[in-house]
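One-based numbering along the sequence shown. As the structure is a computational prediction, the values presented were derived from the model and not from experiment.
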Amino acid sequence: NILHVIDLYLRMKENPDFRIEPRTFIFGAKAASGYYFAKKVIKLINSVGDVVNNDSETNKYLKVVFLENYGVTLAEKIMPAADVSEQISTAGKEASGTGNMKFMMNGAITLGTLDGANVEIAELAGAENIYTFGKDSESIIKLYETAGYVSKAYYENDKDIKRAVDFILNPAVVKLGNKTRLERLYNELLNKDWFMTLIDFNAYVDAKEQILADYEDQDSWNEKVVHNIAKAGFFSSDRTIAQYNADIWHCEG
């Protein structure tokens, strides 16, 4: 997501004629105390946000907001306000389960990989009423088994990916962030990238652009919203507990 923000920002800087409708990217997250990689990503989001938000050439069109101390109380405010629910973990890495269900119940349209509850949402609401992108979990698992994913190949063969990844070490970002951490994040993406971040980047960008185009037709968009809300009842806790009992616990009433 933040690489896409970088991509848009750089397109606008390089081409004064490239303009987009105003967009605000809202991030809400926490990192476990020992989850060093996640902390580096959060720092990158905030550093890029500082650059983008303070650039007078682009900040009329592009804003980045990171919501601190994300939790249930904050979720109660932003989930009902959301139009799109981004569940974009690489397939096989388990997209948010209860999070995307809550977004669905509140009428947000899912943008996600074919993973976790995203698959169930597509089956329930109809594939035409959500947006999916990227490799499926079987393909990703195969790549892990064969060591078939090489992030540096994506970096070297795609100028947009290379430009976005290189921006991690842009002097303006480094000045606002921690140079050592940013270098480690950069090297992680090029030499390991365990989460296969780069493999779905272009498909992700295309899907987001399609969403923005479809959102212009509010009648059609609201039909998608209604389908999602109407089918969200399947994810009720009562049904879930009853199914667990029938399949696993076998408790008698």
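Separation of atoms CD1 (I88) and CG (N118) is listed at 10.5 Å; rounding is to 0.5 Å. A distance of 12.0 Å separates CD in E145 from CD1 in I140, rounded to the nearest 0.5 Å. How far CG of L189 is from CZ of F195: 11.0 Å, rounded to the nearest 0.5 Å. For the atom pair CG (N106) and CG (N228), the distance works out to 11.5 Å, reported to the nearest 0.5 Å. Note that OG of S236 is 10.5 Å distant from CE of M101, once rounded to the nearest 0.5 Å. To the nearest 0.5 Å, the span separating OH on Y186 from CD1 on I168 amounts to 8.5 Å.
Counting all heavy atoms, side chain and backbone alike, E21 lies closest to R23 at OE2-NE, 3.0 Å. Smallest separation of non-hydrogen atoms from I229 and M105: CG1-O, 3.8 Å. Heavy atoms only, all atoms of each residue included: N191 and S151 are closest at N-OG, 3.9 Å. A pairwise comparison of heavy atoms in Y155 and I161 identifies CA-CG2, 4.1 Å as the closest pair. Nearest approach of I199 to Y154, heavy atoms of both residues: CG1-OH, 3.2 Å. Closest of all the heavy-atom pairs between A117 and N100 is CB-OD1, 3.6 Å.
Around the NZ atom of K135, the shell of radius 6.0 Å holds no more than 12 heavy atoms that belong to other residues, nucleotides or ligands. Applying the 6.0 Å contact sphere to CD of E68 captures no more than 12 heavy atoms from other residues, nucleotides or ligands. For K39, the NZ atom is densely surrounded, since the number of other residues' heavy atoms within 6.0 Å is greater than 12. Within 6.0 Å of CZ in R163 there are more than 12 heavy atoms belonging to other residues, nucleotides or ligands.
Between Y131 and T110 the shortest side-chain heavy-atom distance does not fall below 4.5 Å. Counting heavy atoms from C-beta on, the side chains of I241 and W249 come closer than 4.5 Å. Taking the side chain as every heavy atom from C-beta outward, R181 and L185 never approach each other to under 4.5 Å. Using a 4.5 Å cut-off on side-chain heavy atoms (C-beta onward), I109 and V225 make contact. In this structure, L198 and V165 have side chains that are in contact, with non-hydrogen atoms separated by less than 4.5 Å. With a 4.5 Å cut-off on side-chain heavy atoms, Y35 and K30 do not count as touching. I130 places none of its side-chain heavy atoms less than 4.5 Å from the side chain of L111. Using a 4.5 Å heavy-atom cutoff, the side chains of N1 and E86 are in contact.
Taking the six-membered ring where the residue is Trp, Y144 and W194 present tilted rings, their angle falling between 30° and 60°. Taking the six-membered ring for Trp and thresholds of 30 and 60 degrees, F133 and Y204 have ring planes inclined between 30 and 60 degrees apart.
Criterion: ILVMFWY side-chain heavy atoms under 4.5 Å apart, direct or through other members. Under it, L176 and I42 are part of a common hydrophobic cluster. F25 and L67 sit in two unconnected hydrophobic clusters of ILVMFWY residues. Membership requires side-chain heavy atoms under 4.5 Å apart, directly or through other members. F37 and I2 fall within the same hydrophobic cluster, where Ile, Leu, Val, Met, Phe, Trp and Tyr residues are linked whenever their side-chain heavy atoms come under 4.5 Å apart, directly or through other members. Hydrophobic clustering (side-chain heavy atoms under 4.5 Å, transitive across Ile, Leu, Val, Met, Phe, Trp, Tyr) keeps I26 apart from V51. There is a path of hydrophobic side-chain contacts, each under 4.5 Å, that joins Y70 to V65.
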*Given V84 and Y215, is the side-chain contact (heavy atoms from CB on, under 4.5 Å) satisfied, shown in steps?*
CA-CA 10 Å; V84 179; Y215 187 76; over 6 Å; no
*asked:* Under the criterion side-chain contact (heavy atoms from CB on, under 4.5 Å), I'd like the reasoning laid out for K63 against V52: C-alpha separation, chi angles, the key distance, then a yes or no.
replied: CA-CA 7 Å; K63 291 281 176 64; V52 170; over 6 Å; no
*asked:* Between N54 and N59, does the side-chain contact (heavy atoms from CB on, under 4.5 Å) criterion hold? Intermediate values first, please.
replied: CA-CA 7 Å; N54 290 292; N59 61 14; 5.7 Å; no
*asked:* Please determine whether side-chain hydrogen bond (donor to acceptor under 3.5 Å, both in side chains) holds for the pair Q87 and S85, giving the CA-CA distance in whole Å, both sets of side-chain angles, and the decisive distance to 0.1 Å.
replied: CA-CA 6 Å; Q87 310 295 331; S85 163; 2.8 Å; yes
*Check step by step if side-chain hydrogen bond (donor to acceptor under 3.5 Å, both in side chains) holds for Q210 and D206.*
CA-CA 6 Å; Q210 185 63 54; D206 290 344; over 6 Å; no
_Walk me through whether V173 and L44 qualify under side-chain contact (heavy atoms from CB on, under 4.5 Å)._
CA-CA 8 Å; V173 177; L44 175 65; 4.3 Å; yes
_Let's go through F167 and Y9 carefully: what are the C-alpha distance in whole Å and the side-chain angles of both, what is the deciding distance for ring-ring contact (aromatic ring centres under 6.0 Å, His included) to 0.1 Å, and is it a yes or a no?_
CA-CA 10 Å; F167 191 74; Y9 175 71; 5.8 Å; yes
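In terms of modelled atom types and a separation under 3.5 Å, the side chain of D200 and the main chain of A203 share no donor-acceptor contact. Panel note: side chain K60, backbone S56; a donor-acceptor pair is recorded below 3.5 Å. Proximity of a side-chain donor or acceptor of N129 to a complementary backbone N or O of H227 within less than 3.5 Å is not detected.
A cation-pi arrangement is present between R239 and F234, with the terminal nitrogen or guanidinium carbon under 6.0 Å from the aromatic centre and inside a 45° cone about the axis.
Salt bridge D7/R11: present, at least one basic N to carboxylate O contact under 4.0 Å. Taking a cutoff of 4.0 Å between a charged side-chain nitrogen and a carboxylate oxygen, D55 and K13 qualify as a salt bridge.
Checked options D160, D166, D158; the residue passing with K162 is D166 (criterion: side-chain hydrogen bond (donor to acceptor under 3.5 Å, both in side chains)).
Between the side chains of D136 and S139, at least one donor-acceptor pair of N or O atoms lies under 3.5 Å.
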